[in-house]
Structures are given as structure tokens and as C-alpha cells.
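All residue numbers in this chain count up from 1 along the given sequence.
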Amino acid sequence: MCKYLIIIASIFFCGSSSVPGKIKWVAIGDSITYLNDHVDETGNRVEKGYLTRVTETLTDITYVNKGYNGWTAGGIADRIDSLGLEKAEVYSVFLGTNDWWQGRPAGTLEDYENNMGSGTVCGAFRIIIDKLRSLNDKAPILLITPLQRGDFVYIGNYRNNAYGSYREKQGQKLSDIAKAIQKIARKEKLEVVDLYHQSGIRQKNMVRFKWLKDPDTGRYKACKYPGYRDIPFDPEKDEYPYPPEAVDMTYDGLHPSDKGNEIIARMIVHKMKSLRFP
């Protein structure tokens with residue numbers, strides 16, 4: 001009889017130790033975060049996003065996905081009270097790439113300190129961080145800098161495309177956004193996951209190649225970075241420039257592949273292991 005009770009008790013405790021939800025993580029972001037729960041929108045080129053990968057490693061954490069396709073830090077800040085944000089034990093903010101593309105200036109630390117509004121990335125981050133602290137002022141907040149970008153072409157609509165961060169947009173570098181986020185993290189003594197500088201994801205490995213027509217011959221060829229920058233892509237006539245064989249750190253020049261998501265997840269896991277949760 002005792003033998004059977006021991007077996008039953010062992011089964012009970014093993015099962016109960018895997019119950020999720022001990023630590024709630026609210027992840028705020030753009031399409032990179034959103035796609036974690038919408039892998040069908042990647043043309044099924046992604047199996048698992050970074051949120052899923054983090055919680056598979058840190059099994060006592062469960063995530064709430066607050067990623068919004070195409071949204072900016074400014075847009076999040078402007079809608080901050082209507083997003084249904086919840087009290088949680090940890091928050092992350094992974095924004096900035098769309099602000100850069102849409103021309104929102106990084107701003108200055110003074111914009112953050114003086115709460116100058118959502119017109120700059122720094123001002124928008126003040127609104128977001130204030131909101132999170134109002135929900136749980138003891139919860140750690142991870143700030144995640146944007147990834148570098150290759151030439152993006154949306155797999156569902158070729159006309160939705162954008163050049164990479166090797167060029168400025170409206171006189172601003174994407175690195176300016178990353179540096180602004182780092183300054184906020186230092187000011188507030190927040191942990192930062194610096195994907196821009198430390199992930200190893202760069203233009204040269206965003207994709208293995210870009211499938212483009214040679215302007216001289218009219219024949220398609222596999223063009224590597226940086227050569228593809230000077231070869232035009234016609235969304236009305238050309239084939240999709242990133243066939244499955246081109247996938248490397250991203251599957252479309254911008255959004256992480258499984259390989260890219262795994263790197264992001266590992267960096268977040270490393271930071272989360274050092275946090276003290278309320």
C-alpha cells in the first residue's frame with residue numbers, strides 16, 4: 001500500500017511542478033512580437049516565435065502577447081489606456097523599428113525626463129513606462145532595442161516593402177533609436193536586451209540572398225548583401241525575392257526566422273534569469 005501511495009504522490013508532484021502561470025510576463029511590441037501567435041501570417045516559414053521559446057525554457061513564466069502589427073512606440077503610447085494591459089510580474093518593451101521607418105525622431109533624454117509626449121521615441125517610452133509602473137511598480141521592465149534591418153518585402157503583399165537600415169530614413173539612423181532606448185534604460189536602471197548591437201543579426205546574414213533580375217540580362221540571380229542594394233525590385237512584376245532557400249536570420253529581410261527568434265529568446269532568457277520578481 002505504501003509503495004502505491006509513494007508512486008501516486010510522485011505523479012502528483014511531478015505534474016504540479018509544470019503548472020504554468022507562476023510569473024506573468026506582458027510583452028509589448030510590434031509585428032515581431034505579434035507574429036509569435038500568428039505564424040500562419042509568415043507563410044508558415046516560422047514554427048515558433050521568441051515568446052514561445054522563452055517560456056519553453058523558463059517554464060515558470062507565462063506570456064501575454066501585446067504585439068501589434070505595424071505599430072510604433074508613439075502609437076502604443078497614444079493608445080496606452082485602451083490596450084487592456086494587465087498587472088504582471090515582468091514586462092518587456094520591444095519597439096522602435098516602425099518609428100524609424102515612419103520618421104518619428106528618437107528625441108533626447110530630456111524628452112523622456114520632461115514627459116514631452118509621443119512625438120519622439122523617448123517621449124513615447126516615458127508614457128509606456130509610466131503606465132507599466134502604475135500597474136506594478138515593483139515589476140522589472142526589459143527594454144529591447146530594435147533589430148538591424150535588411151530589405152523587407154512582405155510575403156503577403158509585395159508592394160509592402162522597405163529598404164534596410166544600411167540607409168538613413170528622413171535623416172535618421174535606426175541606431176539612433178537603439179541608442180535612445182539604451183539611454184532610457186541607464187537612466188531608469190532597467191535591463192536592456194540590445195539586439196541591435198549584440199545579437200549578431202546583421203544585414204549580411206538577414207537573408208542568404210535576394211532573388212532579383214539582373215538589370216543587364218533580365219535573368220534572375222541570387223544577389224548577396226551588399227550587392228543587392230543597387231538592384232531594383234519591382235513589386236508588380238518580379239518574383240518574391242526571398243524563396244525558402246534564402247531564409248537566414250529573417251525570412252523576409254526584417255522578421256526573424258526560427259534561427260533569429262532563437263537568438264532573441266536566448267538573450268531574453270539570459271536577462272530574465274538575473275531578475276528578481278515581486
Would [X] and [Y] count as having a side-chain donor-acceptor pair, cut-off 3.5 Å?
{"X": "Gln182", "Y": "Asp194", "value": "yes"}
{"X": "Arg104", "Y": "Thr72", "value": "yes"}
{"X": "Arg149", "Y": "Thr97", "value": "yes"}
{"X": "Ser31", "Y": "His255", "value": "yes"}

Cationic N near anionic O, under 4.0 Å, [X] to [Y]:
{"X": "Asp234", "Y": "Lys213", "value": "no"}
{"X": "Glu188", "Y": "Arg133", "value": "yes"}
{"X": "Glu236", "Y": "Arg159", "value": "yes"}
{"X": "Lys66", "Y": "Glu86", "value": "no"}
{"X": "Lys221", "Y": "Asp214", "value": "yes"}

I'd like to know if the side chain of [X] and the backbone of [Y] have a donor-acceptor N/O pair within less than 3.5 Å.
{"X": "Thr42", "Y": "Val46", "result": "yes"}
{"X": "Arg208", "Y": "Ala246", "result": "no"}
{"X": "Thr59", "Y": "Thr55", "result": "no"}
{"X": "Asp151", "Y": "Tyr163", "result": "no"}
{"X": "Asn65", "Y": "Thr33", "result": "yes"}
{"X": "Tyr158", "Y": "Pro241", "result": "no"}

Euclidean distance, [Y] [atom2] relative to [X] [atom1], rounded to 0.5 Å:
{"X": "Leu254", "Y": "Asn161", "atom1": "CG", "atom2": "CG", "result": "11.5 Å"}
{"X": "Lys189", "Y": "Ile141", "atom1": "NZ", "atom2": "CD1", "result": "14.0 Å"}
{"X": "Met267", "Y": "Glu262", "atom1": "CE", "atom2": "CD", "result": "12.5 Å"}
{"X": "Leu143", "Y": "Lys271", "atom1": "CG", "atom2": "NZ", "result": "11.0 Å"}
{"X": "Asn205", "Y": "Met249", "atom1": "CG", "atom2": "CE", "result": "4.5 Å"}
{"X": "Ile201", "Y": "Asp248", "atom1": "CD1", "atom2": "CG", "result": "9.5 Å"}

Residues in ring-ring contact (aromatic ring centres under 6.0 Å, His included) contact with [X], at least two apart in sequence or another chain:
{"X": "His38", "answer": "Tyr34"}
{"X": "Tyr50", "answer": "Phe94"}
{"X": "Tyr228", "answer": "Tyr225"}
{"X": "Tyr68", "answer": "Trp71"}

May I ask you to check whether Phe277 and Trp25 place their ring centers less than 6.0 Å from one another?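 Distance test on ring centres: not under 6.0 Å, no.
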
Counting heavy atoms not belonging to Lys183, are there more than 12 under 6.0 Å from its NZ?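 Atom NZ in Lys183 is not crowded, with 12 or fewer foreign heavy atoms closer than 6.0 Å.
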
Cation-pi check, Arg45 to Tyr251: give yes when NZ or CZ is under 6.0 Å from the six-membered ring centre and within 45° of the ring axis, no otherwise.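 Ring-cation test returns no.
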
With Arg229, which residues qualify under salt bridge (Lys or Arg N to Asp or Glu O under 4.0 Å), at least two apart?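 None.
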
Going through the checks in order, is the side-chain contact (heavy atoms from CB on, under 4.5 Å) test met by Asn69 and Asp30? CA-CA 5 Å; Asn69 240 343; Asp30 47 40; over 6 Å; no

Identified side-chain hydrogen bond (donor to acceptor under 3.5 Å, both in side chains) partner of Ser165 from the options Gln148, Lys173, Gln203: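 So, applying the side-chain hydrogen bond (donor to acceptor under 3.5 Å, both in side chains) to Ser165 and each of Gln148, Lys173, Gln203, only Gln203 qualifies.
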
In the hydrophobic clustering that connects Ile, Leu, Val, Met, Phe, Trp and Tyr at side-chain heavy-atom distances below 4.5 Å, which members other than Phe209 occupy its cluster, ordered by chain and number?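 Same cluster as Phe209: Trp211, Tyr220.
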
